[in-house]
Amino acid sequence: MRICFVGAGALGSTIGGTLARGGAEVWLIDPFQAHVDAINAGGLRMLEGDAETVVKVSACTSATEVGIVADLVIVLVKSYHTRDAIRAAAPIIGPQTVVMSLQNGLGHEDILSEEVGRNRVMAGKTYVGGVLLGLGHVRSGVVGKETIVGELDGRLTERAQRISETFNRAGILTLLSDNIMGTMWDKLFINVAGGGITAVTGLTYGGLYSLPILEDCALAAISEGIAVAQAAGVKISIADPRLAWTMASAGLPPEFKTSMLQSLQSGNLTEVDYIHGSVVRWGAKLNVPTPVNSTLVALVKGLEYARSDYPGKA
C-alpha cells in the first residue's frame, strides 16, 4: 500500500516509520526542511524503550515531489492547517485515494470532505504517541496503543479492512469500527479533560491532578461534552465524566504536558477550536449549554492573542 503522510512531526513520523518498517511504501511530507533532509540522509531513527532502529523512508517538503498517486493519505497537521494542507496534497490524490484524518478533535472530516469529496474520506483516532527528539529522530510509543479506523457512515468496507490489516501487519494495534463517530467523541472527552485547563494554568498533569478544584472544572467540561453527544444521538462508550478524567492521565508521568500547553509554550496557535470549540459549536446547534467549554475557549484565545505575532493582530 502506498501511504503518504501530510504532516510528519512526532506522530506522523512515528506511525509512518512503523508502517514503512512493516513493508508499506511510505512518504512523509512536511515543511520542516531540516527534518526531511535528516530522514533522507540517514533514515528515520526510532527509539522504542532502550532499543533504537533506523528505518528507510522517503521524505519531502511538498506533495509535488512524491511522483505517485497514493492509496491512502493520512492527515496529521495542526488542525488549523487542515484545509491548506489537503489542497496542497492534490498531486497525490487520485480517484481511488482514501483520505483519513488521525488528528485530535472534531471537524476535520468535514473540511476534508469539502475539499476531496465525502466518498474519499475515512476517519480514525489513535492513542499511539511520539516525541520528536531531534532532526529525523523520534521516540515511538506504539506498543499496546490502539488505533481505530472506520467509514463515516459506519459501513465495514473492503478499503477500511485493507487499511486496518496494513496497520496491524506493521505492529500498530488497529481496530475497525462501525461507530467511528462515537470513538471520535470518546477521544474528544479525554482531550477536553486537560487541554484547556493546562493551557490556561501552565500546569503539567502532576499539578492538574493535585487540585480538586481543577478536577471539578474538568469534570464539568467533560459533562457538557457528554450531554452534547447524547443530544446529537451519537453512540458513545464514555457516559461517566470521571472515566474520561481517569483515562486522560493513564500511563502518563506527572511531568507530561498536553499538546495545547506545548503549543502555547512554543509560541504556536493551539487546537482549542477543534477540541473545546467543537463542544461549543455542537452545543449551540443543539441548544445544549456549554458555559465551561466556552470559557476555556475564550481564555485560551486570550492567551494566544497576547502574543505579538497573533494572526491579524494590529
Side-chain angles (χ1 to χ4, degrees), residues 1-48 51-79 81-82 85-86 88-89 91-93 97-104 108 112 122-149 159-160 162-174 259:
M1 180 175 283
R2 292 176 169 179
I3 305 174
C4 293
F5 281 77
V6 177
L11 187 56
S13 293
T14 294
I15 298 176
T18 304
L19 288 169
R21 190 168 55 196
E25 181 182 344
V26 174
W27 285 81
L28 302 178
I29 306 171
D30 196 273
F32 190 6
Q33 183 73 62
H35 182 55
V36 165
D37 289 345
I39 293 171
N40 288 328
L44 177 66
R45 296 165 57 201
M46 301 184 67
L47 180 64
E48 299 165 277
E52 184 168 288
T53 57
V54 178
V55 180
K56 183 64 177 176
V57 58
S58 299
C60 57
T61 58
S62 169
T64 58
E65 302 174 52
V66 175
I68 62 164
V69 170
D71 298 310
L72 174 63
V73 172
I74 296 177
V75 181
L76 268 170
V77 296
K78 289 294 186 182
S79 296
H81 289 315
T82 301
I86 198 61
I92 57 174
I93 298 175
T97 301
V98 177
V99 177
M100 182 170 71
S101 165
L102 286 177
Q103 298 154 288
N104 281 329
H108 310 96
L112 296 175
M122 282 180 53
K125 286 298 167 190
T126 186
Y127 293 87
V128 168
V131 178
L132 194 61
L133 300 176
L135 300 178
H137 191 198
V138 294
R139 177 179 292 280
S140 169
V142 171
V143 178
K145 301 296 185 181
E146 281 185 355
T147 295
I148 306 163
V149 301
R159 68 180 189 177
R162 188 166 63 250
I163 291 168
S164 174
E165 290 172 354
T166 300
F167 274 54
N168 278 304
R169 190 162 50 244
I172 302 172
L173 176 61
T174 302
S259 60

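Residues: numbered from 1 along the sequence shown.
- Of all non-hydrogen atoms in Ala63 and Ala89, the two that sit nearest each other are CB-CA, 3.9 Å.
- To the nearest 0.5 angstrom, Leu112 atom CG is 12.5 Å from Met122 atom CE.
- One distance of note links OG of Ser13 with CD1 of Ile39; it measures 4.5 Å at 0.5 Å rounding.
- Distance CE/Met100 to CG/Leu102: 4.5 Å, rounded to 0.5 Å.
- Under the rule for a side chain to side chain donor-acceptor pair (under 3.5 Å), the partners of Arg2 that lie at least two apart in sequence or sit in another chain are Glu25.
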Working for side-chain contact (heavy atoms from CB on, under 4.5 Å), residues Leu72 and Arg162: CA-CA 11 Å; Leu72 174 63; Arg162 188 166 63 250; over 6 Å; no
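- Closest of all the heavy-atom pairs between Cys4 and Val66 is SG-CG1, 4.1 Å.
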Pair Ser101-Thr82, side-chain contact (heavy atoms from CB on, under 4.5 Å): steps then yes or no: CA-CA 9 Å; Ser101 165; Thr82 301; over 6 Å; no
Stepwise side-chain contact (heavy atoms from CB on, under 4.5 Å) test for Thr97 and Val73: CA-CA 7 Å; Thr97 301; Val73 172; 3.8 Å; yes
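- Every residue two or more places apart in sequence or in another chain that forms a side-chain contact (heavy atoms from CB on, under 4.5 Å) with Ala34 is listed here: Phe32, Leu135.
- The distance from the CD1 atom of Ile86 to the NE2 atom of His108 is 12.5 Å, given to the nearest 0.5 Å.
- Summarising the geometry, atom CG belonging to Asp71 is positioned 11.0 Å from atom CD1 belonging to Ile92; distances are rounded to the nearest 0.5 Å.
- Between Leu28 and Ala8, the shortest heavy-atom distance links the atoms CB-CB, 3.7 Å.
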side-chain contact (heavy atoms from CB on, under 4.5 Å) assessment of Ile74 paired with Val6: CA-CA 6 Å; Ile74 296 177; Val6 177; over 6 Å; no
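- Closest non-hydrogen pair, Leu19 versus Thr166, comes out as CD2-O, 4.0 Å.
- Partners of Leu132 according to the side-chain contact (heavy atoms from CB on, under 4.5 Å) rule, which considers only residues two or more places apart in sequence or in another chain, are Ala10, His35, Val138.
- The side-chain hydrogen bond (donor to acceptor under 3.5 Å, both in side chains) contacts involving residues 136-146 comprise Glu52-His137, where partners must be two or more places apart or lie in separate chains.
- Here the shortest heavy-atom pairing between Ile172 and Ile15 reads CD1-CG2, 3.8 Å.
- Between Leu76 and Gly12, the shortest heavy-atom distance links the atoms CD1-CA, 3.7 Å.
- Listed by chain and number, the residues in a side chain to side chain donor-acceptor pair (under 3.5 Å) with Asn40 amount to none (sequence neighbours excluded).
- Pairs of residues two or more places apart, or lying in two chains, that qualify as side-chain hydrogen bond (donor to acceptor under 3.5 Å, both in side chains) and include a residue from residues 122-132 are Thr126-Thr147.
- Side-chain contact check for Asn168 versus Leu173: some heavy-atom pair is nearer than 4.5 Å.
- The backbone N or O of Ala160 lies less than 3.5 Å from no partner atom in the side chain of Ser164, so there is not a single donor-acceptor pair.
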